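Encoded as structure tokens, the structure appears first; notes follow it.
These numbers were taken from a predicted model, which means no experiment stands behind them.
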Amino acid sequence: MNLIRCGFMKQIKTLLFLAIVFVTSCSKKDNIEFQTKKGTVTESVYASGVVKSENQYTVYSTVNGVLQKIDIAVGQTVTQGQSLFEIESEKASLNTENARLAYQLSQESNRYTQDKISEMETKVQMAKDKLALDQSVYNRNKNIKQYNIISEVEYEKVELAYKNSKSNYEAALKQLSQLKTQLKNEQSRNTVNLKIAEKSQGDFIVKSAFSGELYDVFVKEGAMITPQTPLAIIGKKNSYLLELDVDENDMVRVKLGQIIEVTMDSYKGKVFEATVDKIYPIMDERSRTFKIEAHFVNTPPQLYPNLTAEANIIIQTKKDVLTIPKSYLIDEKYVLVNKDEKRKVKVGLNDYKNAEIIEGLKAGETIYQPK
């Protein structure tokens, strides 16, 4: 029993010793000293986003149908206008053939209309010649009528003949114009219908909008495709940008050309520099953020689309100013001196780690971390 009691007492003493050490270490930690000094503080705006390929876009079809063939493979380099996907187009082919037949028939009909136009042009010329003759007779009789050489009845006949010739000539001109318009409209309508059919058939072959690299394919042959179905992602090869989201509260401070410090999970412990190149002037109502684009100044050795990134957009930097760690501030306006004495300070610029002290402290003074 004595042995048991002794062992038990030793355990209690050990626990008490450890507790005293723990409390002592905590007390020391709560009273960590810091000697104020001059340094650099940088004000920045936080942003998060992803890496994207230059001109990255998602490929969609403009028509419905069954995907018959995939003409490319992931990782392949594609050129502008290259065929990517082939969608079943039997119905479109039939429509194109019908439009082509209608166009050919219209060409035959147009030749008949052209013959009628030639005939009408001859009638117009004859009507014009008769009008010239009747107008000449009318003018001559009009001049001699005042001398009573021609009777009133004869004069009226001449005048009526002139007016009829003029009406016939104008009617012939109008008929000729109508025939020409009819011919032009028939040709245009059938030509347009054929082009529309050919274009519609061409839509069943999905082509690349520009040259780049195929990053992913989302569909398989035999799948039903709609205009809402994403087919693939294409982007410019070996050319990347950052697409970042900035909170609406910070957006007014972001300007073109500002330096950005970028960190990525793929390159832990490394910071890359970029610059703000584009600001989208509309807020996303769902996320309450603005989108900006940036390009790397020093590009990481290997990048892929959709890598996540965190960024600090540098707003301004102050050098050789009095700074303290932000963890030493109390309510953002007090610090501890003489271990437990509060002193009011005026805080200026601050970043995620340090704060500038404008008033209340001098370089070399000792402050203490709050408990």
Worksheet item: How about E332: does its CD atom have over 12 heavy atoms from other parts shown lying under 6.0 Å from it?
Response: no
Worksheet item: Counting distance only, does the side-chain N/O of D340 pair as donor-acceptor with the main-chain N or O of L336 below 3.5 Å?
Response: no
Worksheet item: Checking Y240 side chain against V51 main chain: does a donor-acceptor pair fall under 3.5 Å?
Response: no
Worksheet item: In chain order, what residues pass the salt bridge (charged side-chain N to carboxylate O under 4.0 Å, His left out) check against E152, with sequence neighbours excluded?
Response: K145
Worksheet item: Does the S239 side chain pair with the main chain of K236, one donor and one acceptor, at a distance under 3.5 Å?
Response: no
Discussion item. Which residue in the set D250, I259, V262, V276 passes side chain to side chain contact (heavy atoms under 4.5 Å, CB included) when paired with I313?
Written reply: V276
Worksheet item: Does atom CD1 of I282 have more than 12 heavy-atom neighbours from other groups under 6.0 Å away?
Response: no
Worksheet entry | N/O donor-acceptor pair under 3.5 Å between T181 side chain and S177 backbone | yes
Worksheet entry | Side-chain (E293) to main-chain (D277) donor-acceptor, under 3.5 angstrom | no
Worksheet item: Are K130 and D134 within salt-bridge range, i.e. N to O under 4.0 Å?
Response: yes
Response to the item:
Nearest heavy-atom contact between E261 and V271 is CB-CG1, 3.8 Å
Fill in: E341 side chain vs N338 backbone, donor-acceptor pair below 3.5 Å
no
Worksheet item: Parallel, tilted or perpendicular: which fits the ring planes of Y267 and F272, with parallel below 30° and perpendicular above 60°?
Response: perpendicular
Worksheet item: Does a side-chain N-to-carboxylate-O contact under 4.0 Å join R343 and E359?
Response: no
Practice prompt. Could you tell me whether M126 atom CE has more than 12 heavy atoms of other residues or ligands within 6.0 Å of it?
Written response: no
Worksheet item: Given E356, which of K346, K318, K326 fulfils the salt bridge (Lys or Arg N to Asp or Glu O under 4.0 Å) condition?
Response: K318
Practice prompt. Could you identify which residues cluster with L241, counting Ile, Leu, Val, Met, Phe, Trp and Tyr as linked when any side-chain heavy atoms lie under 4.5 Å apart, either directly or through a chain of such contacts?
Written response: none
Discussion item. Applying a strict under-4.5 Å side-chain criterion to I, L, V, M, F, W and Y, I'd like to know whether Y215 and L84 cluster together.
Written reply: no
Worksheet item: With distance as the sole test, does D331 use its side chain to make a donor-acceptor pair with the main-chain N or O of K333 at under 3.5 Å?
Response: no
Worksheet item: Y162 and ring pair (Phe, Tyr, Trp, His ring centres under 6.0 Å): which partner among Y138, Y169, Y155?
Response: Y138
